[in-house]
Engineer: 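Please see the structure below; I have some questions.
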Amino acid sequence: YRDKNTTGTEAGALETLKTLIAAGQPMNQTNARGETALHGAAGRGADSIAQYLIDQKVDLNARTRLNQTPLDVAMGKGSFGLPVPHDSTVALLKKAGAKEGQDLPPAPGIRRAVEAKQ
């Protein structure tokens, strides 16, 4: 499910996610950039998916290789082009206890990626 880029819907993506999790797919699995499903939902403003993942007790503060949490992504930090914050997703994540990456101690391996960009 990608905003404006596919004919898929948020509801369809949520059902697919539920099927994957029921089949044993790890909820906190990351891609090569260190993004989780919650990062993806946050970047799209997909509140129903974010809420489902929160209810499943995913790691709210998982960080990408660039130290971005799902909250950072929902806030539009580090996005390419113009930042597009998703205010309802930001509120949902904050209510659940999510933090910004800058408010967390560096995770192993992240410091080098951040320092390399400086």
Side-chain angles (χ1 to χ4, degrees):
Y1 164 70
R2 307 269 313 167
D3 288 343
K4 301 177 187 173
N5 292 329
T6 67
T7 57
T9 65
E10 184 174 331
L14 177 58
E15 289 308 311
T16 300
L17 180 62
K18 288 178 179 180
T19 300
L20 289 169
I21 290 173
Q25 181 72 26
M27 292 180 288
N28 289 311
Q29 185 169 348
T30 62
N31 64 17
R33 292 181 297 270
E35 300 164 334
T36 65
L38 188 54
H39 284 92
R44 292 173 184 81
D47 291 347
S48 66
I49 295 172
Q51 185 63 62
Y52 175 76
L53 290 167
I54 290 166
D55 292 345
Q56 299 302 307
K57 308 289 189 224
V58 297
D59 183 356
L60 295 175
N61 297 311
R63 291 177 278 178
T64 66
R65 294 181 68 197
L66 297 177
N67 206 40
Q68 291 185 316
T69 64
L71 179 57
D72 292 321
V73 174
M75 295 171 77
K77 291 182 178 182
S79 63
F80 297 103
L82 295 174
V84 182
H86 299 286
D87 295 333
S88 61
T89 310
V90 168
L92 180 70
L93 290 167
K94 284 184 175 181
K95 182 179 178 185
K99 306 254 186 262
E100 295 178 53
Q102 69 189 20
D103 295 335
L104 298 168
I110 290 177
R111 182 179 294 264
R112 280 180 268 152
V114 173
E115 289 171 352
K117 294 196 83 128
Q118 295 177 353

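The figures that follow rest on heavy atoms only: side chains count, while hydrogens, waters and symmetry mates do not.
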Engineer: Which pair of heavy atoms, one from N61 and one from G97, lies closest together, and at what distance?
Structural biologist: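 N61 and G97 have their closest heavy atoms at ND2-O, 4.1 Å.
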
Engineer: Hey, does V84 have a side-chain heavy atom less than 4.5 Å from the side chain of H86?
Structural biologist: yes

Engineer: Can you name the closest pair of heavy atoms from L104 and R63 and give their distance?
Structural biologist: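 Looking at all heavy atoms of both residues, the shortest contact is CB-NH1, 3.7 Å.
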
Engineer: What closest approach, in Å, do D72 and G101 show between heavy atoms, and which atom pair accounts for it?
Structural biologist: OD2-N, 2.8 Å

Engineer: Would you say E100's side chain and T69's backbone share a donor-acceptor pair under 3.5 angstrom?
Structural biologist: no

Engineer: Could you state the interatomic distance from OG1 (T16) to CG (L20), rounded to the nearest 0.5 Å?
Structural biologist: 6.5 Å

Engineer: How long is the gap from CD on E10 to CD1 on I49, to the nearest 0.5 Å?
Structural biologist: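 Rounded to the nearest 0.5 Å, the CD-CD1 separation comes out at 5.0 Å.
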
Engineer: Working to the nearest 0.5 angstrom, can you tell me the gap between K57 NZ and N28 CG?
Structural biologist: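 Between K57 NZ and N28 CG, I get 13.0 Å after rounding to 0.5 Å.
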
Engineer: Assess whether side chain to side chain contact (heavy atoms under 4.5 Å, CB included) is satisfied between K94 and V90, documenting all intermediate values.
Structural biologist: CA-CA 6 Å; K94 284 184 175 181; V90 168; 3.8 Å; yes

Engineer: Under a single-linkage definition using a 4.5 Å side-chain heavy-atom cutoff for Ile, Leu, Val, Met, Phe, Trp and Tyr, are L93 and V73 assigned to the same hydrophobic cluster?
Structural biologist: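 No, L93 and V73 fall in different hydrophobic clusters.
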
Engineer: In Å and rounded to the nearest 0.5 Å, what is the NZ to CG distance from K99 to L60?
Structural biologist: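 Those atoms lie 9.5 Å apart.
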
Engineer: So which heavy atom on T89 is nearest to which on A46, and how close?
Structural biologist: OG1-N, 4.2 Å

Engineer: What are the two closest heavy atoms between A62 and T36, and how far apart are they?
Structural biologist: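 Smallest heavy-atom distance, with atoms named: CB-CG2, 3.8 Å.
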
Engineer: Quick one about N31 and E35 (side-chain donor to acceptor, distance below 3.5 Å, no hydrogens or angles considered), yes or no?
Structural biologist: yes

Engineer: Working to the nearest 0.5 Å, report the span between OH of Y52 and CE of M27.
Structural biologist: 7.5 Å

Engineer: How far does CG of D59 sit from CG of L53, to the nearest 0.5 angstrom?
Structural biologist: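 Answer for the CG-CG pair, D59 versus L53, is 11.5 Å.
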
Engineer: Could you pull out the closest heavy-atom pair between H39 and G34, with the gap in Å?
Structural biologist: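 Where H39 meets G34 most closely, the heavy atoms are CE1-O, 4.1 Å.
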
Engineer: With heavy-atom distances below 4.5 Å as the criterion, would you say the side chains of Q51 and D55 are in contact?
Structural biologist: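 They are in contact (side-chain heavy atoms under 4.5 Å apart), so the answer is yes.
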
Engineer: Are any non-hydrogen side-chain atoms of M75 and Q68 less than 4.5 angstrom apart?
Structural biologist: no

